[in-house]
Amino acid sequence: MPVIAVIGAQWGDEGKGKVVDLLAKKARVVVRFSGGDNAGHTVVNPYGEFRLQLVPSGIFYRETACIIGNGVVVNPAVLINEIDKLNQRGVDTSNLVISDRAHLIMPYHILLDGLEEESRGGKAIGTMRRGIGPAFADKVARYGIRAGDLLDKEAFLERLRLVLDYKNAILTKVYGVSPLSLDEVYSQYCQYGERLAAYIRETTIMLEEALNREEVVLLEGAQGTLLDPDFGTYPYTTSSSPLAGEGCLGAGLGPTRISRILGVFKAYCSRVGEGPMPTELKDETGDLIRERGHEYGTVSGRPRRCGWFDAIAARFSTRINGFTGAAITRLDILDTFPHLKICVGYKLDGRTIDYFPASVADLEKCQPIYEELPGWQAPTNHIRDYEQLPPQAQQYIVRLEELISCPVNLISVGSAREQTIMKTPIL
Ligand code: GDP
(Lines give C-alpha, C1' and ligand atoms only; values in the text may rest on other atoms or scores of the structure.)
Protein backbone atom coordinates (compact mmCIF):
# COMPACT_ATOMS: atom_id res chain seq x y z
CA MET A 1 0.00 0.00 0.00
CA PRO A 2 1.24 3.44 -0.77
CA VAL A 3 3.03 6.18 1.07
CA ILE A 4 1.60 9.47 -0.15
CA ALA A 5 3.45 12.74 0.39
CA VAL A 6 1.29 15.89 0.45
CA ILE A 7 3.49 18.83 -0.46
CA GLY A 8 2.94 22.59 -0.54
CA ALA A 9 3.75 23.48 -4.15
CA GLN A 10 3.94 27.28 -3.86
CA TRP A 11 4.76 29.63 -0.95
CA GLY A 12 2.77 27.78 1.73
CA ASP A 13 -0.84 28.15 2.90
CA GLU A 14 -2.03 26.15 -0.11
CA GLY A 15 -4.58 24.19 1.92
CA LYS A 16 -2.45 21.15 2.81
CA GLY A 17 -4.33 20.75 6.12
CA LYS A 18 -7.64 20.29 4.34
CA VAL A 19 -6.16 17.80 1.87
CA VAL A 20 -4.45 15.75 4.60
CA ASP A 21 -7.60 15.74 6.75
CA LEU A 22 -9.50 14.44 3.73
CA LEU A 23 -6.99 11.75 2.76
CA ALA A 24 -6.30 10.70 6.37
CA LYS A 25 -9.60 8.83 6.35
CA LYS A 26 -7.86 6.05 4.42
CA ALA A 27 -4.51 6.34 6.21
CA ARG A 28 -3.36 4.59 9.36
CA VAL A 29 -0.35 6.87 9.90
CA VAL A 30 0.18 10.58 9.23
CA VAL A 31 3.67 12.04 9.72
CA ARG A 32 4.59 15.73 9.85
CA PHE A 33 8.13 15.76 8.56
CA SER A 34 9.49 19.32 8.54
CA GLY A 35 9.08 22.84 9.89
CA GLY A 36 7.83 23.75 13.34
CA ASP A 37 5.02 25.78 14.84
CA ASN A 38 5.33 28.29 12.01
CA ALA A 39 2.94 26.00 10.16
CA GLY A 40 -0.75 26.71 10.55
CA HIS A 41 -2.76 23.96 8.91
CA THR A 42 -6.45 24.77 8.92
CA VAL A 43 -8.86 21.88 9.13
CA VAL A 44 -12.64 22.30 8.96
CA ASN A 45 -14.52 19.09 9.79
CA PRO A 46 -17.44 17.89 11.91
CA TYR A 47 -15.45 18.71 15.11
CA GLY A 48 -15.24 22.37 14.06
CA GLU A 49 -12.47 24.58 12.70
CA PHE A 50 -8.90 23.98 13.89
CA ARG A 51 -5.53 25.57 13.21
CA LEU A 52 -2.90 22.94 13.76
CA GLN A 53 0.67 24.06 14.24
CA LEU A 54 2.51 20.89 15.23
CA VAL A 55 -0.06 18.14 15.54
CA PRO A 56 -0.54 16.28 12.22
CA SER A 57 -3.84 16.92 10.45
CA GLY A 58 -4.85 13.25 10.79
CA ILE A 59 -5.54 13.66 14.52
CA PHE A 60 -9.31 13.65 14.01
CA TYR A 61 -9.31 9.95 13.12
CA ARG A 62 -8.88 7.90 16.28
CA GLU A 63 -7.36 4.89 14.58
CA THR A 64 -4.74 6.97 12.73
CA ALA A 65 -1.34 7.33 14.41
CA CYS A 66 -0.11 10.91 14.08
CA ILE A 67 3.65 11.24 14.25
CA ILE A 68 5.60 14.45 14.76
CA GLY A 69 8.64 13.27 12.85
CA ASN A 70 12.33 13.70 13.50
CA GLY A 71 12.43 16.45 10.85
CA VAL A 72 10.20 18.77 12.88
CA VAL A 73 11.44 21.19 15.54
CA VAL A 74 9.11 21.18 18.53
CA ASN A 75 8.35 24.00 20.93
CA PRO A 76 7.04 21.93 23.86
CA ALA A 77 5.00 24.81 25.31
CA VAL A 78 3.18 25.30 22.00
CA LEU A 79 2.62 21.57 21.59
CA ILE A 80 1.21 21.14 25.13
CA ASN A 81 -1.12 24.07 24.54
CA GLU A 82 -2.25 22.56 21.24
CA ILE A 83 -2.88 19.15 22.84
CA ASP A 84 -4.87 20.79 25.68
CA LYS A 85 -7.00 22.79 23.28
CA LEU A 86 -7.75 19.74 21.12
CA ASN A 87 -8.69 17.73 24.22
CA GLN A 88 -10.94 20.54 25.49
CA ARG A 89 -12.79 20.40 22.17
CA GLY A 90 -13.32 16.66 22.40
CA VAL A 91 -10.48 15.54 20.13
CA ASP A 92 -8.61 12.52 21.48
CA THR A 93 -4.83 12.89 21.19
CA SER A 94 -3.81 9.49 22.53
CA ASN A 95 -2.81 8.55 18.98
CA LEU A 96 -0.15 11.31 18.89
CA VAL A 97 3.51 10.30 18.83
CA ILE A 98 6.62 12.50 19.00
CA SER A 99 9.82 11.17 17.49
CA ASP A 100 12.54 10.99 20.15
CA ARG A 101 14.85 12.41 17.46
CA ALA A 102 12.83 15.60 16.93
CA HIS A 103 14.78 18.67 18.02
CA LEU A 104 13.39 21.06 20.62
CA ILE A 105 12.98 24.79 20.42
CA MET A 106 14.65 26.27 23.50
CA PRO A 107 14.15 29.74 25.03
CA TYR A 108 17.45 30.99 23.57
CA HIS A 109 16.29 30.05 20.06
CA ILE A 110 13.32 32.38 20.39
CA LEU A 111 15.46 35.16 21.86
CA LEU A 112 18.12 34.81 19.18
CA ASP A 113 15.55 34.67 16.36
CA GLY A 114 14.34 38.14 17.35
CA LEU A 115 17.84 39.52 17.96
CA GLU A 116 19.20 38.20 14.65
CA GLU A 117 16.20 39.53 12.74
CA GLU A 118 16.62 42.98 14.31
CA SER A 119 20.33 43.01 13.50
CA ARG A 120 19.47 42.49 9.81
CA GLY A 121 17.68 45.85 9.83
CA GLY A 122 16.13 46.59 6.43
CA LYS A 123 17.23 43.16 5.17
CA ALA A 124 15.05 41.26 7.64
CA ILE A 125 13.89 37.86 6.36
CA GLY A 126 10.45 38.27 7.88
CA THR A 127 10.69 35.26 10.21
CA MET A 128 7.92 34.70 12.73
CA ARG A 129 10.45 34.87 15.59
CA ARG A 130 9.43 31.52 16.99
CA GLY A 131 12.99 30.21 17.20
CA ILE A 132 12.57 27.79 14.32
CA GLY A 133 15.54 28.95 12.21
CA PRO A 134 17.96 28.97 15.18
CA ALA A 135 16.75 25.51 16.27
CA PHE A 136 17.44 24.05 12.83
CA ALA A 137 20.81 25.85 12.76
CA ASP A 138 21.70 24.22 16.10
CA LYS A 139 20.67 20.81 14.79
CA VAL A 140 23.24 21.09 12.01
CA ALA A 141 25.82 22.73 14.30
CA ARG A 142 25.36 19.86 16.76
CA TYR A 143 24.15 22.09 19.56
CA GLY A 144 20.63 20.70 19.44
CA ILE A 145 18.59 19.17 22.24
CA ARG A 146 16.13 16.48 21.21
CA ALA A 147 12.77 15.31 22.54
CA GLY A 148 14.34 12.05 23.68
CA ASP A 149 16.82 13.99 25.84
CA LEU A 150 13.95 15.03 28.12
CA LEU A 151 13.47 11.40 29.16
CA ASP A 152 16.82 11.23 30.97
CA LYS A 153 16.98 14.18 33.38
CA GLU A 154 20.61 13.77 34.40
CA ALA A 155 21.94 13.53 30.87
CA PHE A 156 19.64 16.41 29.90
CA LEU A 157 21.11 18.64 32.62
CA GLU A 158 24.64 17.93 31.45
CA ARG A 159 23.76 18.62 27.83
CA LEU A 160 21.83 21.79 28.67
CA ARG A 161 24.71 23.12 30.77
CA LEU A 162 27.11 22.75 27.86
CA VAL A 163 24.81 24.31 25.31
CA LEU A 164 23.56 27.10 27.55
CA ASP A 165 27.10 28.20 28.41
CA TYR A 166 27.71 28.75 24.74
CA LYS A 167 24.35 30.41 24.07
CA ASN A 168 24.72 32.71 27.07
CA ALA A 169 28.11 33.83 25.73
CA ILE A 170 26.41 34.85 22.47
CA LEU A 171 23.49 36.53 24.23
CA THR A 172 25.74 38.57 26.52
CA LYS A 173 28.81 39.23 24.35
CA VAL A 174 27.28 39.63 20.89
CA TYR A 175 23.89 41.09 21.74
CA GLY A 176 24.53 42.57 25.20
CA VAL A 177 21.41 41.05 26.74
CA SER A 178 21.02 39.13 30.02
CA PRO A 179 21.97 35.46 30.16
CA LEU A 180 19.36 32.74 30.73
CA SER A 181 19.30 30.86 34.03
CA LEU A 182 20.24 27.18 33.80
CA ASP A 183 17.99 26.30 36.75
CA GLU A 184 14.97 28.00 35.26
CA VAL A 185 15.34 26.52 31.78
CA TYR A 186 16.10 23.09 33.23
CA SER A 187 13.13 22.95 35.57
CA GLN A 188 10.78 24.32 32.91
CA TYR A 189 11.87 21.72 30.35
CA CYS A 190 11.76 18.90 32.93
CA GLN A 191 8.10 19.80 33.46
CA TYR A 192 7.51 19.72 29.71
CA GLY A 193 9.29 16.36 29.58
CA GLU A 194 7.04 14.90 32.27
CA ARG A 195 3.98 16.10 30.43
CA LEU A 196 5.10 14.82 27.02
CA ALA A 197 6.92 11.61 28.06
CA ALA A 198 4.01 9.36 27.11
CA TYR A 199 4.13 10.63 23.54
CA ILE A 200 7.90 10.49 22.93
CA ARG A 201 9.28 7.34 21.31
CA GLU A 202 11.28 5.77 18.53
CA THR A 203 9.16 6.03 15.37
CA THR A 204 10.92 4.31 12.46
CA ILE A 205 9.87 0.85 13.64
CA MET A 206 6.27 1.98 13.89
CA LEU A 207 6.41 3.18 10.32
CA GLU A 208 8.03 0.01 9.09
CA GLU A 209 5.39 -2.07 10.83
CA ALA A 210 2.61 0.02 9.27
CA LEU A 211 4.14 -0.52 5.84
CA ASN A 212 4.52 -4.25 6.47
CA ARG A 213 0.80 -4.32 7.27
CA GLU A 214 0.27 -2.55 3.92
CA GLU A 215 -1.37 0.44 5.57
CA VAL A 216 -1.58 3.86 3.91
CA VAL A 217 0.92 6.37 5.31
CA LEU A 218 0.62 10.09 4.65
CA LEU A 219 3.59 12.42 4.82
CA GLU A 220 2.30 15.90 5.68
CA GLY A 221 4.41 18.74 4.30
CA ALA A 222 4.66 22.18 5.90
CA GLN A 223 5.26 25.55 4.22
CA GLY A 224 5.82 25.44 0.45
CA THR A 225 8.35 24.42 -2.15
CA LEU A 226 9.32 27.98 -3.09
CA LEU A 227 10.48 28.51 0.52
CA ASP A 228 12.93 25.61 0.35
CA PRO A 229 16.43 26.60 1.55
CA ASP A 230 18.01 25.23 -1.64
CA PHE A 231 15.41 25.84 -4.32
CA GLY A 232 13.35 28.67 -2.87
CA THR A 233 13.96 32.41 -3.01
CA TYR A 234 17.08 32.22 -0.83
CA PRO A 235 17.65 33.87 1.65
CA TYR A 236 13.92 34.61 1.94
CA THR A 237 13.26 30.99 2.70
CA THR A 238 12.37 28.73 5.55
CA SER A 239 14.97 26.71 7.43
CA SER A 240 13.94 23.12 6.70
CA SER A 241 13.06 21.58 3.38
CA PRO A 242 9.37 21.42 2.49
CA LEU A 243 10.11 19.15 -0.50
CA ALA A 244 9.01 15.56 -1.05
CA GLY A 245 12.62 14.41 -0.66
CA GLU A 246 12.59 15.65 2.91
CA GLY A 247 9.48 13.53 3.44
CA CYS A 248 11.81 10.53 3.60
CA LEU A 249 14.46 12.13 5.78
CA GLY A 250 12.12 13.90 8.16
CA ALA A 251 9.96 10.84 8.75
CA GLY A 252 12.55 8.06 8.60
CA LEU A 253 11.58 6.26 5.39
CA GLY A 254 13.62 5.19 2.39
CA PRO A 255 12.93 7.03 -0.90
CA THR A 256 11.74 3.81 -2.57
CA ARG A 257 8.81 3.72 -0.14
CA ILE A 258 7.07 6.83 -1.50
CA SER A 259 4.61 5.91 -4.20
CA ARG A 260 2.56 9.09 -4.74
CA ILE A 261 3.51 12.74 -4.39
CA LEU A 262 0.62 15.15 -4.38
CA GLY A 263 1.46 18.80 -5.01
CA VAL A 264 -1.04 21.18 -3.41
CA PHE A 265 -1.48 24.38 -5.43
CA LYS A 266 -3.80 27.29 -4.86
CA ALA A 267 -5.68 28.26 -8.02
CA TYR A 268 -3.74 31.54 -7.73
CA CYS A 269 -0.63 32.56 -5.74
CA SER A 270 -0.07 34.04 -2.29
CA ARG A 271 2.96 34.71 -0.16
CA VAL A 272 3.58 35.93 3.40
CA GLY A 273 6.64 37.95 4.35
CA GLU A 274 9.54 39.26 2.30
CA GLY A 275 11.10 38.00 -0.92
CA PRO A 276 10.30 38.09 -4.62
CA MET A 277 6.94 36.98 -6.01
CA PRO A 278 6.77 37.67 -9.75
CA THR A 279 2.98 37.58 -10.13
CA GLU A 280 2.17 39.72 -7.08
CA LEU A 281 -0.66 42.16 -7.83
CA LYS A 282 -0.37 45.44 -5.98
CA ASP A 283 -3.68 46.69 -7.38
CA GLU A 284 -7.39 46.23 -6.79
CA THR A 285 -7.34 42.76 -8.38
CA GLY A 286 -4.78 41.68 -5.74
CA ASP A 287 -6.93 43.28 -3.04
CA LEU A 288 -10.00 41.49 -4.36
CA ILE A 289 -8.27 38.09 -4.24
CA ARG A 290 -7.08 38.87 -0.68
CA GLU A 291 -10.53 39.89 0.50
CA ARG A 292 -12.44 37.09 -1.25
CA GLY A 293 -9.87 34.57 -0.03
CA HIS A 294 -9.46 36.04 3.49
CA GLU A 295 -5.75 35.89 2.77
CA TYR A 296 -4.35 36.68 6.19
CA GLY A 297 -1.78 34.41 7.88
CA THR A 298 -3.33 31.58 9.91
CA VAL A 299 -0.76 31.93 12.68
CA SER A 300 0.65 35.43 12.16
CA GLY A 301 -2.49 37.27 10.97
CA ARG A 302 -0.26 39.10 8.44
CA PRO A 303 -1.95 40.07 5.14
CA ARG A 304 -0.76 37.73 2.39
CA ARG A 305 0.53 39.08 -0.90
CA CYS A 306 -1.73 37.82 -3.68
CA GLY A 307 -1.39 37.36 -7.43
CA TRP A 308 -2.19 35.23 -10.46
CA PHE A 309 -1.15 31.60 -10.84
CA ASP A 310 2.52 31.36 -11.75
CA ALA A 311 2.96 28.35 -14.04
CA ILE A 312 6.73 28.87 -14.34
CA ALA A 313 7.11 28.49 -10.58
CA ALA A 314 4.58 25.64 -10.62
CA ARG A 315 6.48 23.64 -13.25
CA PHE A 316 9.69 24.16 -11.27
CA SER A 317 7.89 22.82 -8.22
CA THR A 318 6.72 19.72 -10.11
CA ARG A 319 10.25 19.16 -11.40
CA ILE A 320 12.02 19.26 -8.04
CA ASN A 321 9.34 17.33 -6.14
CA GLY A 322 8.39 14.78 -8.79
CA PHE A 323 4.67 15.30 -8.32
CA THR A 324 2.56 12.40 -9.52
CA GLY A 325 -0.60 14.48 -9.15
CA ALA A 326 -1.89 17.88 -8.12
CA ALA A 327 -4.60 19.21 -5.83
CA ILE A 328 -5.92 22.61 -6.91
CA THR A 329 -7.45 24.41 -3.94
CA ARG A 330 -9.52 27.57 -3.58
CA LEU A 331 -10.93 27.48 -7.08
CA ASP A 332 -14.06 29.11 -5.60
CA ILE A 333 -12.09 32.28 -4.79
CA LEU A 334 -11.85 32.94 -8.54
CA ASP A 335 -15.62 32.56 -9.08
CA THR A 336 -16.36 36.25 -9.66
CA PHE A 337 -13.54 37.28 -11.99
CA PRO A 338 -14.49 38.03 -15.62
CA HIS A 339 -10.98 37.12 -16.82
CA LEU A 340 -8.16 35.12 -15.27
CA LYS A 341 -4.48 35.30 -16.00
CA ILE A 342 -1.80 32.63 -15.80
CA CYS A 343 1.88 33.49 -15.93
CA VAL A 344 3.50 31.40 -18.70
CA GLY A 345 6.92 33.08 -18.94
CA TYR A 346 9.08 35.84 -17.47
CA LYS A 347 10.69 38.81 -19.17
CA LEU A 348 14.15 39.28 -17.69
CA ASP A 349 16.44 42.05 -18.99
CA GLY A 350 14.65 42.06 -22.35
CA ARG A 351 14.81 38.26 -22.75
CA THR A 352 11.98 35.77 -22.35
CA ILE A 353 12.77 32.93 -19.96
CA ASP A 354 10.75 29.88 -18.98
CA TYR A 355 12.51 28.85 -15.78
CA PHE A 356 12.56 30.04 -12.16
CA PRO A 357 15.91 31.82 -11.62
CA ALA A 358 18.05 31.05 -8.56
CA SER A 359 18.94 34.68 -7.92
CA VAL A 360 16.48 36.81 -5.97
CA ALA A 361 17.84 39.89 -7.76
CA ASP A 362 16.86 38.31 -11.10
CA LEU A 363 13.50 37.19 -9.78
CA GLU A 364 12.76 40.72 -8.54
CA LYS A 365 13.30 41.94 -12.09
CA CYS A 366 11.17 39.24 -13.75
CA GLN A 367 8.05 40.62 -15.39
CA PRO A 368 5.32 38.02 -15.82
CA ILE A 369 4.09 37.17 -19.31
CA TYR A 370 0.42 36.34 -19.04
CA GLU A 371 -2.02 34.22 -20.91
CA GLU A 372 -5.65 35.28 -20.38
CA LEU A 373 -8.55 32.90 -19.95
CA PRO A 374 -12.26 33.64 -19.56
CA GLY A 375 -13.67 33.52 -16.03
CA TRP A 376 -16.83 31.54 -15.21
CA GLN A 377 -18.58 34.09 -12.98
CA ALA A 378 -20.71 31.49 -11.21
CA PRO A 379 -20.46 29.88 -7.77
CA THR A 380 -18.60 26.57 -7.60
CA ASN A 381 -18.59 25.84 -3.85
CA HIS A 382 -21.61 23.49 -4.10
CA ILE A 383 -20.18 21.44 -7.01
CA ARG A 384 -18.91 17.90 -6.35
CA ASP A 385 -18.50 16.50 -9.90
CA TYR A 386 -15.92 17.72 -12.34
CA GLU A 387 -18.42 17.63 -15.22
CA GLN A 388 -20.69 20.02 -13.29
CA LEU A 389 -18.03 22.74 -13.21
CA PRO A 390 -18.70 25.58 -15.67
CA PRO A 391 -16.85 24.94 -18.96
CA GLN A 392 -14.54 27.93 -18.34
CA ALA A 393 -13.52 26.46 -14.96
CA GLN A 394 -12.80 23.10 -16.62
CA GLN A 395 -10.78 24.95 -19.25
CA TYR A 396 -8.78 26.67 -16.49
CA ILE A 397 -8.03 23.35 -14.78
CA VAL A 398 -7.03 21.65 -18.03
CA ARG A 399 -4.70 24.53 -18.85
CA LEU A 400 -3.10 24.30 -15.39
CA GLU A 401 -2.61 20.56 -15.90
CA GLU A 402 -0.81 21.22 -19.19
CA LEU A 403 1.35 23.98 -17.78
CA ILE A 404 2.40 22.31 -14.54
CA SER A 405 2.84 19.02 -16.40
CA CYS A 406 1.01 16.80 -13.99
CA PRO A 407 -2.55 15.49 -13.76
CA VAL A 408 -5.01 17.14 -11.37
CA ASN A 409 -6.38 14.54 -8.95
CA LEU A 410 -8.43 16.79 -6.72
CA ILE A 411 -10.08 20.21 -6.87
CA SER A 412 -11.13 22.00 -3.70
CA VAL A 413 -14.00 24.50 -3.80
CA GLY A 414 -14.37 25.32 -0.10
CA SER A 415 -12.78 24.70 3.26
CA ALA A 416 -15.05 21.82 4.36
CA ARG A 417 -14.11 18.19 3.74
CA GLU A 418 -17.04 17.60 1.42
CA GLN A 419 -16.32 20.66 -0.74
CA THR A 420 -14.04 18.57 -2.89
CA ILE A 421 -14.15 17.30 -6.45
CA MET A 422 -12.19 14.10 -7.09
CA LYS A 423 -11.19 14.40 -10.74
CA THR A 424 -9.01 11.30 -10.84
CA PRO A 425 -8.29 8.89 -7.99
CA ILE A 426 -5.12 9.39 -5.92
CA LEU A 427 -5.08 5.89 -4.40
P1 GDP B 1 -2.06 25.06 4.86
O2 GDP B 1 -1.08 25.65 5.81
O3 GDP B 1 -1.46 24.69 3.55
O4 GDP B 1 -2.88 23.94 5.45
O5 GDP B 1 -3.09 26.22 4.51
P6 GDP B 1 -3.78 27.28 5.51
O7 GDP B 1 -4.55 26.54 6.52
O8 GDP B 1 -2.80 28.27 5.96
O9 GDP B 1 -4.72 28.08 4.51
C10 GDP B 1 -5.67 27.48 3.78
C11 GDP B 1 -7.00 28.14 4.12
O12 GDP B 1 -7.86 27.91 3.05
C13 GDP B 1 -7.69 27.57 5.33
O14 GDP B 1 -8.44 28.57 5.95
C15 GDP B 1 -8.61 26.51 4.73
O16 GDP B 1 -9.76 26.25 5.53
C17 GDP B 1 -9.00 27.18 3.48
N18 GDP B 1 -9.30 26.35 2.33
C19 GDP B 1 -8.73 25.18 1.94
N20 GDP B 1 -9.23 24.80 0.75
C21 GDP B 1 -10.12 25.76 0.39
C22 GDP B 1 -10.94 25.95 -0.76
O23 GDP B 1 -10.93 25.18 -1.69
N24 GDP B 1 -11.70 27.09 -0.78
C25 GDP B 1 -11.71 27.98 0.21
N26 GDP B 1 -12.48 29.06 0.09
N27 GDP B 1 -10.95 27.84 1.31
C28 GDP B 1 -10.17 26.73 1.39
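These numbers come from the heavy atoms of this one structure, side chains and all, not from hydrogens, waters or symmetry mates. Numbering of ligands and ligand atoms starts at 1, following listing order.
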Hey, is ligand 1 close enough to I333 that some N/O pair sits below 3.5 Å? no
So is there a nitrogen or oxygen of G17 less than 3.5 Å from a nitrogen or oxygen in ligand 1? yes
Close-contact set for ligand 1 against T42 heavy atoms, below 4.0 Å: 4 (O), 6 (P), 7 (O), 13 (C), 14 (O), 15 (C), 16 (O)
Less than 4.0 angstrom from a charged side-chain N to a carboxylate O is my criterion; do E118 and R129 meet it? yes
Closest to atom 23 (O) of ligand 1 by heavy-atom distance, out of S412, S57, S415, is S412
Option among R271, R305, R304 that satisfies the side chain to side chain donor-acceptor pair (under 3.5 Å) test with E295: R304
Check if G8 has a non-hydrogen atom at a distance under 4.0 Å from any atom of ligand 1. no
Value rounded to 0.5 Å, distance of OG in S239 from CD in Q223: 8.0 Å
Is there a polar contact between ligand 1 and D13, counting only N or O atoms under 3.5 Å apart? yes
By salt bridge (Lys or Arg N to Asp or Glu O under 4.0 Å), which residues pair with K16, not counting sequence neighbours? E14
Would you tell me which option among A416, G224, G414, G35 has the nearest heavy-atom contact to atom 21 (C) of ligand 1? G414
Is a side-chain donor-acceptor pair under 3.5 Å present for T93 with N87? yes
Give the table of side-chain donor-acceptor pairs shorter than 3.5 Å for residues 132-145, with sequence neighbours excluded, one pair per line with atom names and distance.
residue : atom : partner : partner atom : Å
D138    : OD1  : K167    : NZ           : 2.8
D138    : OD2  : H109    : NE2          : 2.8
D138    : OD2  : K167    : NZ           : 2.9

T329-K266 side chain donor-acceptor pair, cut-off 3.5 Å: no
Is it true that D84 and R195 make a salt bridge, defined as a side-chain N closer than 4.0 Å to a carboxylate O? yes
Do any nitrogen or oxygen atoms of V44 come within less than 3.5 Å of a nitrogen or oxygen of ligand 1? no
In this structure, does ligand 1 have an atom that sits under 4.0 Å from one of the heavy atoms of A39? no
R304: heavy atom below 4.0 Å from ligand 1, yes or no? yes
Which of the atoms in ligand 1, numbered in the order shown and given with their element, are less than 4.0 Å from a heavy-atom of G40? 2 (O), 6 (P), 7 (O), 8 (O)
Return yes or no for this condition: an N or O of E14 is under 3.5 Å from an N or O of ligand 1. yes
Classify the angle between the aromatic ring planes of F316 and F231 as parallel (below 30°), tilted (30 to 60°) or perpendicular (above 60°). perpendicular
Part of V413 with heavy atoms under 4.0 Å of ligand 1, whether side chain, backbone, both or neither: backbone
In terms of side-chain heavy atoms, does D228 have a donor or acceptor partner in S241 at a distance below 3.5 Å? yes
Ligand 1 to L331 polar contact by distance, N or O atoms, under 3.5 Å: no
Considering only heavy atoms, does K18 approach ligand 1 within less than 4.0 Å through its side chain, its backbone, both, or neither? side chain
Shortest heavy-atom approach to atom 27 (N) of ligand 1 - which of H294, K16, Q419, R330: R330
